[in-house]
Enquirer: 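One structure is given below, represented as structure tokens, and several questions about it will come after.
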There are 2 protein chains.
Amino acid sequence: MATIYEVADKAGVSLSTVSRVLNGKTTVNPALKAKVEEAMLALNYRPNSIARSLATSRSDSVGILVSELNSPFFGDLMQAVELTLRAADKHVIITVGHNNLETEQDAVEFLIGRNCDAIIMHAEAMSDEYLKTLNSSRLPISLVNRQVDGVGEGCIVLDNEKGGYLATQHLISLGHKNIGYISGPSDKCDANQRLAGHKRALKEAGIAFTPNLVFEGSYTEEDGKAGLLELLSGDSPFSALVCANDWMASGAMSCARDLGMNLPQDLSIVGFDDAVFAHHVFPRLTTVSNPISDMAAMSARHILNVVYGYKDEVQTLFQPSLIIRESTMAYEA
Amino acid sequence: MATIYEVADKAGVSLSTVSRVLNGKTTVNPALKAKVEEAMLALNYRPNSIARSLATSRSDSVGILVSELNSPFFGDLMQAVELTLRAADKHVIITVGHNNLETEQDAVEFLIGRNCDAIIMHAEAMSDEYLKTLNSSRLPISLVNRQVDGVGEGCIVLDNEKGGYLATQHLISLGHKNIGYISGPSDKCDANQRLAGHKRALKEAGIAFTPNLVFEGSYTEEDGKAGLLELLSGDSPFSALVCANDWMASGAMSCARDLGMNLPQDLSIVGFDDAVFAHHVFPRLTTVSNPISDMAAMSARHILNVVYGYKDEVQTLFQPSLIIRESTMAYEA
DNA sequence: CTGTTAGCGCTTTCAT
DNA sequence: ATGAAAGCGCTAACAG
């Protein structure tokens, strides 16, 4: 790989001149500039971004931290961030936290070591403290799906409470009165908010909340199944079920079918997230949309503002909306 | 961030000593070593991998090039590579090619500029030439799902022909004689191989190949629909359909249902890849497994061998297998 | 075994 | 507008 020296040599100028045409910040004599460009072409010169990064302690790339690489949710998140940043000529460095504290911290240190200009993350295990400290160091962060005081506009969140409300309210409007709820893990803030929304809808409709009718899962397909089984074995009957995400809804659906139930006649089910497969399941799943792509893009935009001097509006709170498909129907006595 | 100088200072040694304990290649006086480690701890020292990379032109990280970030297929690929490499303490830098020549080349140059020690890629647009050149430069590459002479063991491929054969053969064994085929784009090698397998199964069973019964799509859900419609409008009836991937199968299935067909009674369908959603569709999809995770992991292992001195066996050809679910059934006259 | 000294390829004052 | 020179944080000969 040709270096800037060789280019300077070939063009008969100093390396600072080459550097200048490279960065285009200051003006360079057109004639020299042409020579330099010619030399770069001839030598097939590619600037070494490592060297540049060492010299500037910038890198024109932002880190992303996701929990998993192979989930539709994180797929959408990564895709949106990458697209937004690519449009601004920034690169993206993806790391994985595997939902584990140590791995998440490793990932962040990797990114710091790589001179990332900022980090966009979906951190599940890290403490608020750590995140706050991180953000107040010279490395801006943006948190998707998590609210941490002290990170301010960097937090891009969904109104989960509203989503939970929407799901349950939909069922109530369909005439259901006994509604089961399969929740996410209670140490996840989004899970609690969704559940809170569920309770609010119940309360608003004058329906008493029945603790027996909620099962706490961990967002997996298996837990959807386990949850349904558990709820069914209890002594509180129900004609509808809301699941705090689509995976659990899918698990509950196939379990219900295995049990010989007819969907949605015997049980109305609503999910949450509108994952890609929501319209693949049968019956197609009524769910609450989670505009993760928009949120991720916004997160990227915030970073663009903060570190690269852009001046776009940023919206920090996103609204979910109900997507009615075929997995829910009116209550039949 | 503390530098190696400050550590050396604090520990009262030279920076080379610090460098030595850092890399652990040569022996260092235990007493000094302890001092250094203490100093590192006190200063919360983190080596700057950029600087190290500039000095060594190595980076302990390997690049990955995928076509998309948000597809189950590439999700599995990335996940497997990341896991394998993480276990060997290597990092991964992911880039996206968007199925576009220029973007793919950009991505590769980004990776080169970042001093990646190797690249694992699923390159769709790049020419064999380019790939070969790349590989013969000092940067080893590994190609998943693509065979390029000159890259040798770096090519990790699936026996696509076998897969196509399996799919069709399954249908034939079920008594079907008129079998539609929705193919992938004919400029994709895997698509052609799968089709070739289909033809072989037909021939072996003494069934004449009917060009009218094949539709060329581009692996999208929409094309599954378009394909079915096109085939249905033709004058060659068929009782079964093989789709060259699960997306198209899914599209064909929902289209068929929209048309009022009963599945699988009116039409048996088999897919290819065994994507996550294959068991979400209804009826659950009979398909051909594509062991992409294993292949990706193998690809990583090959890189580990070539650039980091590991000595594992590598297998370059993988076999697909038939996964029978509920979307296919015996032919009824 | 330890310290000194050059770089790695580029940016960035500082003069000119 | 251009060039010379210092330095980003680290590794790797080379002496000692």
Side-chain angles (χ1 to χ4, degrees), chain A residues 1-37 39-40 43-61 91 109-117 138-139, chain B residues 1-37 39-40 43-61 91 109-117 138-139:
Chain A
M1 266 296 162
T3 77
I4 201 173
Y5 278 93
E6 307 174 40
V7 175
D9 231 49
K10 180 142 196 155
V13 299
S14 81
L15 84 172
S16 353
T17 303
V18 178
S19 177
R20 283 182 186 109
V21 346
L22 215 49
N23 296 298
K25 301 304 284 182
T26 58
T27 31
V28 175
N29 182 314
L32 289 190
K33 183 172 174 179
K35 272 190 177 174
V36 169
E37 280 166 345
M40 296 204 289
L43 266 45
N44 187 237
Y45 170 74
R46 305 275 152 218
N48 177 325
S49 54
I50 294 280
R52 172 187 304 212
S53 188
L54 183 60
T56 57
S57 63
R58 299 266 254 106
S59 64
D60 279 337
S61 60
H91 275 275
E109 296 204 333
F110 173 74
L111 293 175
I112 295 177
R114 285 269 156 193
N115 271 358
C116 279
D117 300 335
R138 60 153 199 68
L139 183 76
Chain B
M1 266 297 161
T3 77
I4 200 173
Y5 277 94
E6 307 175 39
V7 175
D9 232 49
K10 178 140 197 157
V13 299
S14 81
L15 84 172
S16 356
T17 303
V18 178
S19 177
R20 281 180 188 114
V21 347
L22 215 50
N23 296 300
K25 300 306 281 182
T26 59
T27 29
V28 176
N29 182 314
L32 290 190
K33 183 171 175 182
K35 271 189 176 176
V36 169
E37 280 167 345
M40 297 205 288
L43 268 45
N44 188 238
Y45 170 74
R46 303 276 150 218
N48 178 324
S49 53
I50 294 281
R52 170 187 307 208
S53 188
L54 183 59
T56 58
S57 64
R58 297 267 254 109
S59 65
D60 279 337
S61 60
H91 275 274
E109 294 204 333
F110 172 74
L111 293 175
I112 295 177
R114 287 260 147 197
N115 272 357
C116 279
D117 300 334
R138 63 156 195 68
L139 183 76

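Bear in mind that the values here come from a model prediction, so they are computed numbers and not experimental data. Letters A, B, ... are given to chains in the order of the sequence lines, protein chains preceding strands, and every chain is numbered from 1.
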Enquirer: Which nucleotide, C:dT12, D:dT11, D:dG9, lies nearest any side-chain atom of A:Thr56?
Expert: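 Among the listed nucleotides, the one closest to the side chain of A:Thr56 is C:dT12.
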Enquirer: In whole angstroms, how far is the P atom of D:dC10 from the CZ atom of B:Arg46?
Expert: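 Checked: the CZ to P distance equals 12 Å.
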Enquirer: For nucleotides 2-4 of chain D, which of its nitrogen or oxygen atoms have a protein nitrogen or oxygen under 3.5 Å away, and what is each distance?
Expert:
{"unit_1": "D:dT2", "atom_1": "OP2", "unit_2": "A:Asn29", "atom_2": "N", "d": "2.6"}
{"unit_1": "D:dG3", "atom_1": "OP2", "unit_2": "A:Ser14", "atom_2": "N", "d": "3.2"}
{"unit_1": "D:dG3", "atom_1": "OP2", "unit_2": "A:Ser14", "atom_2": "OG", "d": "3.2"}
{"unit_1": "D:dG3", "atom_1": "OP2", "unit_2": "A:Thr17", "atom_2": "OG1", "d": "2.4"}
{"unit_1": "D:dG3", "atom_1": "N7", "unit_2": "A:Arg20", "atom_2": "NH1", "d": "3.2"}
{"unit_1": "D:dG3", "atom_1": "O6", "unit_2": "A:Arg20", "atom_2": "NH2", "d": "2.6"}
{"unit_1": "D:dA4", "atom_1": "N7", "unit_2": "A:Ser16", "atom_2": "OG", "d": "3.3"}
{"unit_1": "D:dA4", "atom_1": "N6", "unit_2": "A:Ser16", "atom_2": "OG", "d": "3.1"}

Enquirer: Flag the pair A:Lys10 / A:Val36 as yes when at least one side-chain heavy-atom distance between them is below 4.5 Å, and no otherwise.
Expert: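 Answer no - side chains too far apart.
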Enquirer: Which nucleotide wins on minimum distance to the side chain of A:Leu54, given the candidates D:dT11, D:dG9, C:dT11?
Expert: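 Taking heavy atoms from C-beta onward, the closest nucleotide is D:dG9.
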Enquirer: Round to a whole Å and report the spacing from CZ of B:Arg52 to P of D:dA12.
Expert: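 Rounded to whole Å, this separation is 9 Å.
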Enquirer: If I take atom CZ in residue B:Arg58 and atom P in nucleotide D:dC10, what distance separates them, rounded to the nearest angstrom?
Expert: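 These atoms are roughly 18 Å apart.
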Enquirer: Starting from C1' on C:dT13, measure out to CG on A:Asn23 and report it in whole angstrom.
Expert: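 Taking atom C1' of C:dT13 as the reference, CG of A:Asn23 is at 15 Å.
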Enquirer: Can you see which heavy atom on B:Tyr45 is nearest to which on B:Leu22, and at what distance?
Expert: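 Here B:Tyr45 and B:Leu22 meet closest at OH-CD2, 3.6 Å.
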Enquirer: For A:Ile50 and D:dC8, what is the distance between atoms CD1 and C1' respectively, to the nearest whole Å?
Expert: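 Result: 13 Å.
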Enquirer: Which heavy atom of B:Asn115 sits nearest to which heavy atom of B:Ser57, and what is that distance?
Expert: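 Heavy atoms only, the tightest pair is ND2-CA, 3.6 Å.
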Enquirer: Provide the closest heavy-atom pair for B:Ala51 versus A:Leu54 in the form atom of the first, atom of the second, distance.
Expert: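 Nearest heavy atoms, B:Ala51 then A:Leu54: CB-CD1, 3.7 Å.
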Enquirer: Could you state the atom-to-atom distance from CG of A:Asp9 to P of C:dG9 in whole Å?
Expert: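 To the nearest whole Å, that distance equals 14 Å.
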Enquirer: Strictly below 4.0 Å: does B:Ser57 bring a side-chain N or O up to OP1 or OP2 of C:dC8?
Expert: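 Checking B:Ser57 against C:dC8: no side-chain N or O falls below 4.0 Å of OP1 or OP2.
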Enquirer: Rounded off to whole Å, could you give me the CD1-to-P distance for the B:Ile4 and D:dC8 pair?
Expert: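 From B:Ile4 CD1 to D:dC8 P: 14 Å.
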Enquirer: Rounding to a whole Å, what distance do you find between A:Tyr5:OH and C:dC10:P?
Expert: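 After rounding, the gap between these two atoms is 9 Å.
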Enquirer: If only atom types and distance count, is the side chain of B:Asp117 paired as donor or acceptor with the main-chain N or O of B:Arg58 below 3.5 Å?
Expert: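 Answer holds: no.
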Enquirer: Does any non-hydrogen side-chain atom of A:Arg114 lie less than 4.5 Å from one of A:Ser59?
Expert: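 Heavy-atom side-chain distance check fails, nothing below 4.5 Å.
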Enquirer: So does B:Lys25 get a backbone contact from the side chain of B:Asn23, meaning a donor-acceptor N/O pair under 3.5 Å?
Expert: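 No: the side chain of B:Asn23 does not pair with the backbone of B:Lys25.
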